[in-house]
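Okay, so here's the structure we're looking at.
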Amino acid sequence: MAESCYCGSGKTFGHCCGPIIEDKKPARTPEELMRARYSAHCMRNYAFLVTSTHPDHREGVSENEVAEWAQHVQWTGLEVHNAVPGPDENTGQVSFTAHYAIQDTPQELREDAEFRKEGDAWYYVDGKVHGAEQFRREAPKIGRNEPCLCGSGKKYKKCCGA
């Protein structure tokens, strides 16, 4: 029996992402390229991840850096939420969630990915990752040994910080 594709399309790898990753046929749509990139992550084919990134956006992208980041990652599933064309036929966006685990702890990456077509080839350009907003403190941080803001004259750690 043929191996199911990593991307969860329901097709076999040889009839889905395999020919794209092996450079036997180009991705026809941004979604096909995004699925192939997910499969490449599963296969640890970091060369494909670099070459499928748009040349104008490859700065800081190397096989070694991707491999270092991914060495403890186990990919567990992909959900494609939607794929929409861009303002012209050479751009598109794919919204997806990639599920993975690091040291058996489930994680997910939710992204709206941008793609651009150059000639016959689609490329990943960039993506907006969804997630928790970074915490921003409203008031300045009070050090443990600073005077308490309540005006007691005591150190913060012995007063309101206790």
Side-chain angles (χ1 to χ4, degrees), residues 1-139 141:
M1 185 167 133
E3 180 182 333
S4 293
C5 194
Y6 298 97
C7 77
S9 66
K11 300 175 186 175
T12 64
F13 180 73
H15 287 98
C16 190
C17 295
I20 298 168
I21 293 171
E22 295 163 3
D23 202 24
K24 293 179 180 173
K25 75 169 194 166
R28 295 173 295 168
T29 65
E31 182 178 349
E32 280 188 0
L33 179 60
M34 192 279 311
R35 287 180 175 280
R37 287 175 58 84
Y38 175 83
S39 292
H41 271 291
C42 294
M43 300 170 60
R44 302 191 184 283
N45 183 335
Y46 307 124
F48 179 78
L49 295 169
V50 173
T51 61
S52 63
T53 299
H54 192 278
D56 293 346
H57 297 270
R58 287 185 191 160
E59 186 176 323
V61 178
S62 75
E63 288 181 54
N64 290 339
E65 287 175 346
V66 176
E68 186 177 317
W69 173 82
Q71 67 183 342
H72 300 293
V73 175
Q74 177 166 3
W75 298 96
T76 58
L78 175 69
E79 293 175 66
V80 175
H81 304 294
N82 65 12
V84 294
D88 60 56
E89 71 269 359
N90 293 321
T91 58
Q93 183 183 67
V94 179
S95 295
F96 67 93
T97 301
H99 299 274
Y100 61 99
I102 297 177
Q103 297 179 347
D104 297 324
T105 302
Q107 309 278 326
E108 64 181 38
L109 169 70
R110 172 81 168 82
E111 183 176 328
D112 295 330
E114 300 288 333
F115 295 85
R116 185 180 317 149
K117 188 175 185 182
E118 303 263 336
D120 290 336
W122 280 100
Y123 294 96
Y124 171 80
V125 175
D126 201 359
K128 177 184 176 228
V129 175
H130 296 258
E133 290 290 320
Q134 184 177 6
F135 175 76
R136 297 198 189 272
R137 191 178 310 279
E138 295 293 324
K141 183 176 178 181

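Here the straight-line distance linking atom CE of M43 with atom SG of C17 works out to 9.5 Å at 0.5 Å rounding. Separating the SG atom in C7 from the NE2 atom in H41 is a distance of 13.5 Å, to the nearest 0.5 Å. Remark: C5 SG to R35 CZ distance equals 8.0 Å, nearest 0.5 Å.
Partners of D88 under the side chain to side chain contact (heavy atoms under 4.5 Å, CB included) rule, at least two apart in sequence or in another chain, are N90, T91. The side chain to side chain contact (heavy atoms under 4.5 Å, CB included) check on A121 picks up Y123, with sequence neighbours excluded.
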Evaluation steps, side chain to side chain contact (heavy atoms under 4.5 Å, CB included), between K128 and Q93:
CA-CA 10 Å; K128 177 184 176 228; Q93 183 183 67; over 6 Å; no

Test side chain to side chain contact (heavy atoms under 4.5 Å, CB included) on L78 and H99; report intermediate values, then the result.
CA-CA 6 Å; L78 175 69; H99 299 274; over 6 Å; no

Test side chain to side chain contact (heavy atoms under 4.5 Å, CB included) applied to R116 and D56, step by step:
CA-CA 11 Å; R116 185 180 317 149; D56 293 346; 4.1 Å; yes

Checking T12 against S4 for the side chain to side chain contact (heavy atoms under 4.5 Å, CB included) test, could you report, in this order, the C-alpha distance in whole Å, the side-chain angles of both residues, the deciding distance, and whether it holds?
CA-CA 4 Å; T12 64; S4 293; over 6 Å; no

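Nearest heavy-atom pair, M34 versus F115, reported as atom, atom and distance to 0.1 Å: CB-CZ, 3.5 Å. In this structure, I21 and A36 approach most closely via the heavy-atom pair CD1-O, 3.4 Å. The minimum heavy-atom distance linking S52 with R37 is given by the pair OG-NH1, 2.7 Å. Counting all heavy atoms, side chain and backbone alike, R44 lies closest to V73 at NH2-O, 2.8 Å. Taking every heavy atom of both residues into account, K117 and G119 meet most closely at CE-O, 3.4 Å. The heavy-atom pair separating W122 from A27 by the smallest distance is CD1-O, 3.3 Å.
The main-chain N or O of N64 is never found under 3.5 Å from a side-chain atom of E68 such that the two would form a donor-acceptor pair.
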Extract all donor-acceptor atom pairs below 3.5 Å that involve side chains of residues 100-111 and protein atoms in other chains or at least two apart in sequence.
from	atom 1	to	atom 2	distance (Å)
R110	NH1	D112	OD1	3.3
E111	OE2	Y124	OH	2.8

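In the displayed structure, H57 atom NE2 is contacted under 6.0 Å by more than 12 heavy atoms of other residues, nucleotides or ligands.
The ring pair (Phe, Tyr, Trp, His ring centres under 6.0 Å) test with Y38 singles out one residue from F48, Y6, W75, F96, and that residue is W75.
Judged purely by distance below 3.5 Å, without hydrogens or angles, the side chains of R58 and T53 never pair a donor atom with an acceptor atom.
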